[in-house]
Amino acid sequence: MFDNSFVFTLSCEDRPGIVSAVTTELFKIGANIAESNQFWDRQTNQFFMRIAFTCPPSVTYEEIERALAQPSQHFGMTTKLINGARKPKILIMVSKFDHAMLHLLYQIKVGWLGAEVVAIVSNHDDSRATAELNGIPYYLLPVKAETKRVQEAKLLEIIEQSGAELVVLARYMQVLSDDLSRILSGRVINIHHSFLPSFKGAKPYHQAYDRGVKLIGATAHYVTADLDEGPIIEQETQRVTHAMSADDLLATGRDIESRVLARAVKNHVESRVLLNGRKTVVFSS
Ligand SMILES: Nc1nc2c(c(=O)[nH]1)N[C@@H](CN(C=O)c1ccc(C(=O)N[C@@H](CCC(=O)O)C(=O)O)cc1)CN2
């Protein structure tokens, strides 16, 4: 679906005149700004901006690109221009726990999350029925240490063939290789079931229980080769008590994980997340 709403994001070295230059070009092509956010990182002197705007139906994507090319080159910007109504294709990866995946599918069904799930990939068969019920292609790719390279090559083929622009690890419990993490850099979002940087690894709820924390949480982050170290997009916490078992913490965490991942994916597909070195700038709605 294509309409006359667009989102333009930029980042560049900060200096006077960036906002004026961009908005002047938009004014010249008859654009109307619907939402504008910006941030100046004083430590790195990097400037970030997101502008959502509409254009007269007669104005084409290429004409907008040409208009914004002048300030983009002048200020040495990294930019992205997307059509606001387009639904990015996402591929969901899951292992045994399906709560975060089901929440994403529900939020897409009710229209809160503007995306299209083009495939579900898993190292277990547990979610095949869900995929079939939703008419989504399902790929079973069991992973062992000796088969990881071959299975990851198959995953890349599925991503290529399906046209997936974003891979969402919705409690997928295998570590992606350094090569795959680099190939898919900026295109993989993982939900980690703890309030990072606390309790990295596969069993954070057991670590939290043993430590006796009074808060648990979840963290959505971009995946890098460094396990649980990628740029954080979204987090949430909830109070817990001494009376709760590790399984109680796990049960409490399910809803937190689901909300946090859905918010992170929504912000990503709406071009509200810009990378800022090892961190992110998030222009939430
Ligand atoms: N390159 C990356 N891959 C993945 C990341 C990441 O940050 N970078 N996050 C994980 C998800 N995750 C925590 O959020 C996680 C998953 C699995 C493990 C782990 O130690 N897995 C063991 C196998 C466990 C099992 O089979 O149940 C392993 O892979 O040897 C740690 C953290 C997803 N991938």
Side-chain angles (χ1 to χ4, degrees), residues 90-101 103-104 119-127 139-156 158-159 164 166-211 213 216-238 246-247 249-265 268 273 275 277-280:
I90 67 174
L91 179 151
I92 297 176
M93 300 189 73
V94 61
S95 288
K96 284 193 171 290
F97 292 118
D98 61 359
H99 54 276
M101 173 189 68
H103 189 68
L104 284 175
I120 294 174
V121 174
S122 180
N123 57 327
H124 297 287
D125 217 35
D126 300 56
S127 292
Y139 300 89
L140 175 59
L141 297 179
V143 175
K144 297 192 188 74
E146 60 275 15
T147 66
K148 184 180 269 192
R149 183 175 287 278
V150 172
Q151 299 300 67
E152 288 192 344
K154 291 179 185 171
L155 173 62
L156 281 172
I158 297 165
I159 292 169
L166 177 68
V167 175
V168 179
L169 307 185
R171 289 301 294 276
Y172 178 71
M173 298 310 289
Q174 292 295 317
V175 177
L176 306 185
S177 69
D178 294 4
D179 290 347
L180 187 62
S181 302
R182 269 190 289 277
I183 292 166
L184 296 174
S185 178
R187 294 174 58 198
V188 185
I189 293 176
N190 175 58
I191 185 65
H192 182 74
H193 37 315
S194 85
F195 186 53
L196 289 173
S198 298
F199 311 132
K200 296 171 182 166
K203 295 189 179 303
Y205 291 120
H206 291 77
Q207 296 176 62
Y209 175 78
D210 293 341
R211 184 69 185 79
V213 296
I216 61 166
T219 304
H221 62 92
Y222 287 114
V223 160
T224 61
D226 305 317
L227 189 58
D228 302 330
E229 290 285 348
I232 292 171
I233 305 167
E234 183 68 51
Q235 293 184 292
E236 184 181 323
T237 60
Q238 185 167 326
D247 286 344
L249 299 183
L250 194 147
T252 302
R254 271 197 289 268
D255 293 347
I256 308 172
E257 294 164 36
S258 300
R259 286 194 299 270
V260 167
L261 181 61
R263 284 204 302 270
V265 173
H268 177 92
V273 186
L275 279 174
R278 294 180 60 233
K279 302 188 288 186
T280 64

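Both counts, for ligands and for their atoms, begin at 1 and track the order of listing.
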Return a table of donor-acceptor pairs under 3.5 angstrom between the side chains of residues 166-175 and protein atoms on other chains or two or more places apart.
residue: Arg171; atom: NH1; partner: Glu257; partner atom: OE1; Å: 2.7
residue: Arg171; atom: NH1; partner: Glu257; partner atom: OE2; Å: 3.2
residue: Arg171; atom: NH2; partner: His193; partner atom: NE2; Å: 3.3

Nearest to [atom], what protein heavy atom do you find, and at what distance?
atom                    : value
atom 7 (O) of ligand 1  : Asp228 N, 2.9 Å
atom 14 (O) of ligand 1 : His192 ND1, 2.7 Å
atom 28 (C) of ligand 1 : Val175 CG2, 4.2 Å
atom 34 (N) of ligand 1 : Gln174 O, 2.8 Å

Are [X] and [Y] close enough that some pair of their side-chain heavy atoms sits under 4.5 Å apart?
X      : Y      : answer
Pro231 : Leu275 : yes
His221 : Leu196 : yes
Pro204 : His192 : yes

What part of Lys200, side chain from CB on, backbone N/CA/C/O, both or neither, has a heavy atom under 4.0 Å from ligand 1?
->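 Contact part for Lys200 vs ligand 1: neither.
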Can you tell me if Glu229 has a non-hydrogen atom under 4.0 Å from ligand 1?
->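 No.
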Close approach, Thr224 and ligand 1, non-hydrogen under 4.0 angstrom =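 Right, Thr224 reaches ligand 1.
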Does [X] use its side chain to pair, donor to acceptor, with the backbone of [Y] at less than 3.5 Å?
X      : Y      : value
Arg187 : Ala164 : yes
Ser258 : His103 : no
Ser177 : Leu180 : yes

Minimum non-hydrogen distance to [atom], winning option of [options]:
atom                    : options                        : value
atom 22 (C) of ligand 1 : Lys144, Lys148, Met173, Met93  : Met173
atom 32 (C) of ligand 1 : Gly201, Gly230, Ser95          : Gly201
atom 10 (C) of ligand 1 : Asn190, Leu176, Leu196         : Asn190
atom 6 (C) of ligand 1  : Val188, Leu227, Asp178         : Leu227
atom 19 (C) of ligand 1 : Ser181, Ser194, Ala145, Ala202 : Ala202

Centroid-to-centroid, His206 to Phe199, below 6.0 Å?
->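 His206 vs Phe199: aromatic centres not under 6.0 Å.
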Within 4.0 Å of atom 30 (O) of ligand 1 (strictly less), any protein heavy atom?
->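 No, there is none.
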Would you mind listing which atoms of ligand 1 come within a distance below 4.0 Å of any non-hydrogen atom of [X]?
X      : value
Tyr172 : 11 (C), 33 (C)
Ile191 : 14 (O)
Leu169 : 33 (C), 34 (N)
Val223 : 1 (N), 2 (C), 8 (N)

Any Lys/Arg nitrogen of Glu236 or Arg263 sitting under 4.0 Å from an Asp/Glu carboxylate oxygen of the other?
->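 Salt bridge present between Glu236 and Arg263.
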Could you go through the side chain to side chain donor-acceptor pair (under 3.5 Å) check for Gln151 and Lys148 one step at a time?
-> CA-CA 5 Å; Gln151 299 300 67; Lys148 184 180 269 192; over 6 Å; no
Which atom of Ile189 lies closest to which atom of Ala264, heavy atoms considered =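 Closest approach of Ile189 to Ala264, heavy atoms only: CD1-O, 4.2 Å.
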